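Keep in mind that what you see is a predicted model, and the values were worked out from it rather than measured. These numbers come from the heavy atoms of this one structure, side chains and all, not from hydrogens, waters or symmetry mates.
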Amino acid sequence: KSSLSRRVSGSVPQSTVTPAPDIAARIAREQARVMQARLRDDAREDFRAGFAWPAQGRISGVYGSQRILNGTPKDPHYGLDIAAATGTPALAPAAGIVSFAAPDLYLTGGTVVIDHGHGLSSTFIHLSRVEVRVGERVAQGQRFGAVPVFRVVVTLFGFAQVLMTFSPNATVMLTAQLLSGIAGAA
């Protein structure tokens with residue numbers, strides 16, 4: 001259980017915290033599409049060049065923290081929030097292929113998934129603009145969208161798959177590379 005919590009009250013529409021059945025069904029369909037995009041697993045090794053920050057800004061939310069929305073405990077936060085000004089470019093943290101791109105999902109708004117090879121992907125949500133298409137190859141640092149009013153949420157969702165598919169030594173090396181690449185870009 002996470003010792004960190006993030007309490008958000010009043011600013012989250014109650015219809016988002018406890019959606020009506022038809023909206024909940026839409027959310028489930030959309031999230032299934034995103035999860036399907038994360039299943040991509042090919043032999044590319046774009047991740048080996050390391051990762052850079054996708055946007056500059058203050059860290060405003062951390063991975064694993066307990067979210068409490070309008071008093072309702074929700075799932076842990078599976079992202080890292082970067083607070084940035086509206087319109088700030090969202091940049092690919094590593095080269096890859098866009099496996100999902102949608103401008104307006106119900107919960108996550110503009111959403112992009114970039115696959116970096118071997119099941120490792122970066123997912124970006126709450127984008128104000130999506131500027132790529134599925135199948136498009138992006139280079140590290142290439143603009144793929146824009147940050148909304150307060151944040152871009154960056155999550156390396158595919159990391160769990162990498163942990164299962166690589167040997168322990170390769171996992172340690174990859175973890176060190178990810179952390180040093182991201183830390184070096186800060």
Side-chain angles (χ1 to χ4, degrees), residues 30-31 33-63 77-105 108-167 169-186:
E30 291 173 348
Q31 293 308 302
R33 290 175 44 215
V34 172
M35 291 304 290
Q36 182 64 39
R38 289 189 198 127
L39 295 178
R40 183 179 180 132
D41 185 6
D42 54 55
R44 286 177 307 97
E45 296 183 347
D46 295 321
F47 60 86
R48 291 184 61 100
F51 286 76
W53 285 97
Q56 294 298 313
R58 178 181 58 82
I59 302 300
S60 59
V62 297
Y63 186 92
H77 184 55
Y78 294 117
L80 174 70
D81 294 355
I82 302 171
T86 301
T88 297
L91 309 174
I97 295 175
V98 177
S99 59
F100 186 87
D104 191 25
L105 300 186
T108 59
T111 302
V112 170
V113 177
I114 301 173
D115 177 77
H116 307 293
H118 288 290
L120 181 65
S121 63
S122 299
T123 300
F124 304 86
I125 63 176
H126 304 304
L127 297 168
S128 61
R129 282 194 316 275
V130 171
E131 300 171 1
V132 290
R133 292 185 307 271
V134 172
E136 185 174 338
R137 179 142 180 85
V138 294
Q140 183 180 49
Q142 178 180 332
R143 181 181 175 133
F144 64 84
V147 175
V149 176
F150 295 113
R151 65 183 181 166
V152 61
V153 179
V154 183
T155 308
L156 299 173
F157 279 105
F159 195 69
Q161 288 178 286
V162 172
L163 291 175
M164 291 186 284
T165 57
F166 284 113
S167 69
N169 287 342
T171 299
V172 170
M173 291 179 353
L174 176 62
T175 302
Q177 182 182 19
L178 285 171
L179 294 176
S180 66
I182 289 175

*Nearest heavy-atom pair of Asp115 and Ser121: which atoms, and what distance?*
CA-CB, 4.1 Å
*Heavy atoms only: give me the nearest Ala55-Pro89 pair and the separation to one decimal.*
CB-O, 4.1 Å
_Residue pair Ile97 / Arg40, side-chain heavy-atom distance below 4.5 Å_ = yes
_Main chain of Val147, side chain of Ser128: is a donor-acceptor contact present, judged purely on distance under 3.5 Å?_
yes
*CZ-CZ distance between Arg38 and Phe100, expressed to the nearest 0.5 angstrom*: 9.5 Å
_Contact between Val98 and Phe144 at the side-chain level, heavy atoms closer than 4.5 Å - yes or no?_
no
*Considering only heavy atoms from C-beta outward, does the side chain of Phe51 approach that of Ser122 to under 4.5 Å?*
yes
*So, does His116 use its side chain to make a donor-acceptor pair with the main chain of Ala95 at under 3.5 Å?*
yes
*Contact check, side chains of Leu105 and Ile125, non-hydrogen atoms, under 4.5 Å*: no
*Using modelled atom types only, decide if a donor and an acceptor are shared between the side chain of Glu131 and the backbone of Ala90 within a distance under 3.5 Å.*
no
_Out of the candidates Val112, Asp104, Thr108, only one should pair with Leu127 under the side-chain contact (heavy atoms from CB on, under 4.5 Å) rule; please name it._
Val112
*Going by heavy atoms in the side chains, are Phe124 and Ile114 under 4.5 Å from each other?*
yes
*Report the residues that fulfil salt bridge (charged side-chain N to carboxylate O under 4.0 Å, His left out) with Arg137, sequence neighbours left out, ordered by chain and then residue number.*
Asp46
*Taking all atoms of both residues into account, what is the closest heavy-atom pair of Thr111 and Val130, and its distance?*
N-CG2, 3.9 Å
*Would you say His118 and Asp41 make side-chain contact, with heavy atoms under 4.5 Å?*
yes
*Quick one: closest heavy-atom pair of Val138 and Ala92, and the distance?*
CG2-CB, 4.0 Å
